[in-house]
Each structure stands twice: as C-alpha cells, then as structure tokens.
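Here is the structure we will look at, set down as structure tokens.
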Amino acid sequence: MSVNYKIVGEGFPIIMLHGNGENHHVFDQLANDLSDYQCILIDANYEGKISYQKLCDDVIDVIHILQLNAYDVIGFSDGGIIALMLGMQEEHVQHIITLGANTNPYMIKPFFLINSYIRLICLLPFCIYQRKARLSFKLTKMVLTEPHISYESLSDIKIPVLVMAGEYDLIKKEDTQNIAEALPYSILRIIPQGNHFLLRDYYKQTYHEIRLFLDTCHKED
C-alpha cells in the first residue's frame, strides 16, 4: 500500500483528511495546536483509478495498519466527504468534523461548477504528455461526477458530528444545512464571512469550534 501518513502528538487518535489535490500539510497548524491528541495526517493516494470510495478504502487500510479501535475524523472538502463515508462504513469512528463537505456535485455553486468544467476542457490537450495534467483531470472529473450521498443514508451515522462551512462557501448552504439536519447528533457551525478554505483564511474561528467540540465530546466520554 502506498499511502503516506504522519503522526503528530499523543492522546486519542484523530485522523485528518485533506481536500482535492492537496496534501497533509493543510493540517500542519491544526495538528500542532491539537498535539494533546494523536493527529494522524494522511496523504491521499492518487495512483490508479480515483474515486471517493477508493480513497476511503485507503484510509481504512491505514486504520487497520495502526490497529485503531477508536478514533475521530476531521475532513476538509473531499476529506469531509470521506469522513462521512467512514461514518457510514466504519464502526470504530467516535466523532466526526467536516469542513465544506458536499453530498452531490450539483451542490457546488454554479460559478465554481462551471469553472471546473472549463478547467476540464483546458486540461485535455496537456494530458497527452504531462502527468500532472492527467492527475488534475482525474481529480477534477471526480469532483464533477461524485459523490452521491443521500441524506437518508446519513441517518445511519449515530455519533456526534460537527458540520462546518463558511458563510460564502463554494458549497451551497442548503446542502450543508441538510447534512446537519440528516445527521441524528449534529452541530452546525457556519463561520461568518468565511469561504471554503476555513483552515487557511479563518483559522482562529475554525480552531475554536473544533477545539470546543473535541474537548466537550471527550470530556463526556
């Protein structure tokens, strides 16, 4: 298995999953600030055929390698989608935090959706000879064709979930709200003035909500 990961801190395990085309460094500051937990930062394996389920399966492989019997998950964007999938497929997940997750490609706001289609077209000629362009094409195509998570299926996630997004997120507000409403034990937090990249541009407010949720959950445990 060619999945890279990094462990920061000690304590209860928290798996951190980055967004489309990123790597684990998007969580560098958060992992340092949550060093009283064992933060497991996983890089997505983009080799071969790419799908959200394949990326989810890769995370499950890491979970088995580390022999984790209980853990939390924090997922940003694509990582948030995978976090929800883990909640539906894995019995050992204790708490989930999603940032800017969506259930369907058409829950991306039209401007960003159209921009992705244009990007796909522009990448085509470069895919002939450039590996990086081929990867970008596959990742963009995945965003435009997946996921397909029903709100009904989210009701199977019977653990506490913090659902977060920015006020001006590229994900439609209705999807974020519907995700929170579909989950039996959820807390919805919309960061005022925030965009999609909460960990980068609105870190202080985002960290406050994450810290409060985690410490409250584990205090009750």
Side-chain angles (χ1 to χ4, degrees), residues 14-20 22 26-27 30 42 44 51-57 59-60 71-113 116 139 142-202 205-214 216-217:
I14 302 177
I15 292 173
M16 298 185 175
L17 305 173
H18 61 75
N20 190 283
E22 297 178 328
V26 71
F27 289 112
L30 183 63
I42 300 178
S51 69
Y52 286 116
Q53 186 57 57
K54 184 259 186 187
L55 296 175
C56 183
D57 290 341
V59 174
I60 293 173
Y71 57 90
D72 294 347
V73 184
I74 300 176
F76 163 63
S77 196
D78 278 13
I81 294 169
I82 297 167
L84 292 174
M85 294 173 67
L86 285 169
M88 291 184 282
Q89 299 176 32
E90 272 285 297
E91 61 180 354
H92 299 303
V93 187
Q94 302 298 301
H95 314 97
I96 293 173
I97 299 173
T98 68
L99 301 97
N102 61 295
T103 60
N104 190 290
Y106 295 103
M107 287 304 173
I108 300 172
K109 291 178 179 176
F111 173 81
F112 299 100
L113 202 59
S116 294
L139 290 174
M142 181 177 70
V143 169
L144 292 172
T145 56
E146 301 182 43
H148 297 287
I149 300 172
S150 69
Y151 297 129
E152 290 78 14
S153 65
L154 293 176
S155 64
D156 293 332
I157 303 177
K158 293 180 171 59
I159 56 174
V161 181
L162 173 60
V163 180
M164 298 186 67
E167 182 180 2
Y168 302 113
D169 207 294
L170 62 82
I171 304 302
K172 293 179 181 178
K173 189 175 181 179
E174 64 187 85
D175 196 32
T176 304
Q177 291 174 330
N178 288 339
I179 289 172
E181 290 175 5
L183 293 162
Y185 307 105
S186 70
I187 298 172
L188 175 63
R189 291 289 183 267
I190 304 296
I191 300 299
Q193 306 298 316
N195 57 29
H196 188 60
F197 301 96
L198 296 178
L199 289 170
R200 184 189 69 189
D201 299 334
Y202 295 84
Q205 304 96 307
T206 304
Y207 170 70
H208 172 77
E209 296 293 347
I210 291 174
R211 170 61 79 173
L212 181 62
F213 176 78
L214 289 173
T216 300
C217 287

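Counting begins at 1 with the first residue of the sequence. All values reported here derive from a predicted model rather than from experimental measurement.
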Measuring from atom [atom1] of [X] to atom [atom2] of [Y], what distance do you get when rounded to the nearest 0.5 angstrom?
X      : Y      : atom1 : atom2 : result
Tyr207 : Leu198 : OH    : CG    : 16.0 Å
Met107 : Lys172 : CE    : NZ    : 6.0 Å
Glu22  : Leu139 : CD    : CG    : 11.0 Å
Thr206 : Phe197 : OG1   : CZ    : 13.0 Å
Met164 : Ile179 : CE    : CD1   : 13.5 Å
Lys158 : Met88  : NZ    : CE    : 12.0 Å

Give me the one residue out of His92, His95, Glu90 that meets side chain to side chain donor-acceptor pair (under 3.5 Å) with Tyr71.
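It is Glu90; the other options fail the test.
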
Could you please spell out the steps behind the side chain to side chain contact (heavy atoms under 4.5 Å, CB included) verdict for Asp169 and Thr176?
CA-CA 10 Å; Asp169 207 294; Thr176 304; 5.9 Å; no

Return a table of donor-acceptor pairs under 3.5 angstrom between the side chains of residues 181-189 and protein atoms on other chains or two or more places apart.
| from | atom 1 | to | atom 2 | distance (Å) |
| --- | --- | --- | --- | --- |
| Ser186 | OG | Ala180 | O | 2.5 |
| Arg189 | NE | Glu209 | OE1 | 3.2 |

Please check if atom [atom1] in [X] has more than 12 non-hydrogen atoms from other residues, nucleotides or ligands closer than 6.0 Å.
X      : atom1 : answer
Glu174 : CD    : yes
Phe112 : CZ    : yes
Lys173 : NZ    : no

Val73 and Ile97: CA distance, side-chain angles, deciding distance, side chain to side chain contact (heavy atoms under 4.5 Å, CB included) verdict:
CA-CA 6 Å; Val73 184; Ile97 299 173; over 6 Å; no

Going by heavy atoms in the side chains, are [X] and [Y] under 4.5 Å from each other?
X      : Y      : answer
Ile96  : Ile157 : yes
Ile74  : Ile14  : yes
Val26  : Arg200 : no
Ser116 : Leu144 : yes
Val59  : Ile15  : yes
Ile60  : Gln89  : yes
Leu154 : Tyr151 : yes
Ser51  : Leu55  : no

Could you check whether any side-chain N or O of [X] sits under 3.5 Å from a backbone N or O of [Y], counting only pairs where one atom can act as donor and the other as acceptor?
X      : Y      : value
Glu167 : Pro192 : no
His148 : Thr103 : no
Asn178 : Asp175 : no

Name the atoms and distances for all side-chain donor-acceptor pairs under 3.5 Å in residues 78-85, with sequence neighbours left out.
| from | atom 1 | to | atom 2 | distance (Å) |
| --- | --- | --- | --- | --- |
| Asp78 | OD1 | Tyr52 | OH | 2.8 |
| Asp78 | OD2 | Asn20 | ND2 | 2.9 |
| Asp78 | OD2 | Tyr52 | OH | 3.4 |

Only one of Ile108, Ile171, Leu99 clears side chain to side chain contact (heavy atoms under 4.5 Å, CB included) with His196; which?
Ile171

Can you list the steps and then say if Phe27 with Leu30 is a side chain to side chain contact (heavy atoms under 4.5 Å, CB included)?
CA-CA 5 Å; Phe27 289 112; Leu30 183 63; 3.9 Å; yes

Smallest separation among heavy atoms of Leu113 and Pro105, with atom names
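Heavy-atom minimum between the residues: CD1-O, 3.5 Å.
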
Would Leu162 and Thr98 satisfy side chain to side chain contact (heavy atoms under 4.5 Å, CB included), going step by step from the backbone distance to the final call?
CA-CA 6 Å; Leu162 173 60; Thr98 68; over 6 Å; no

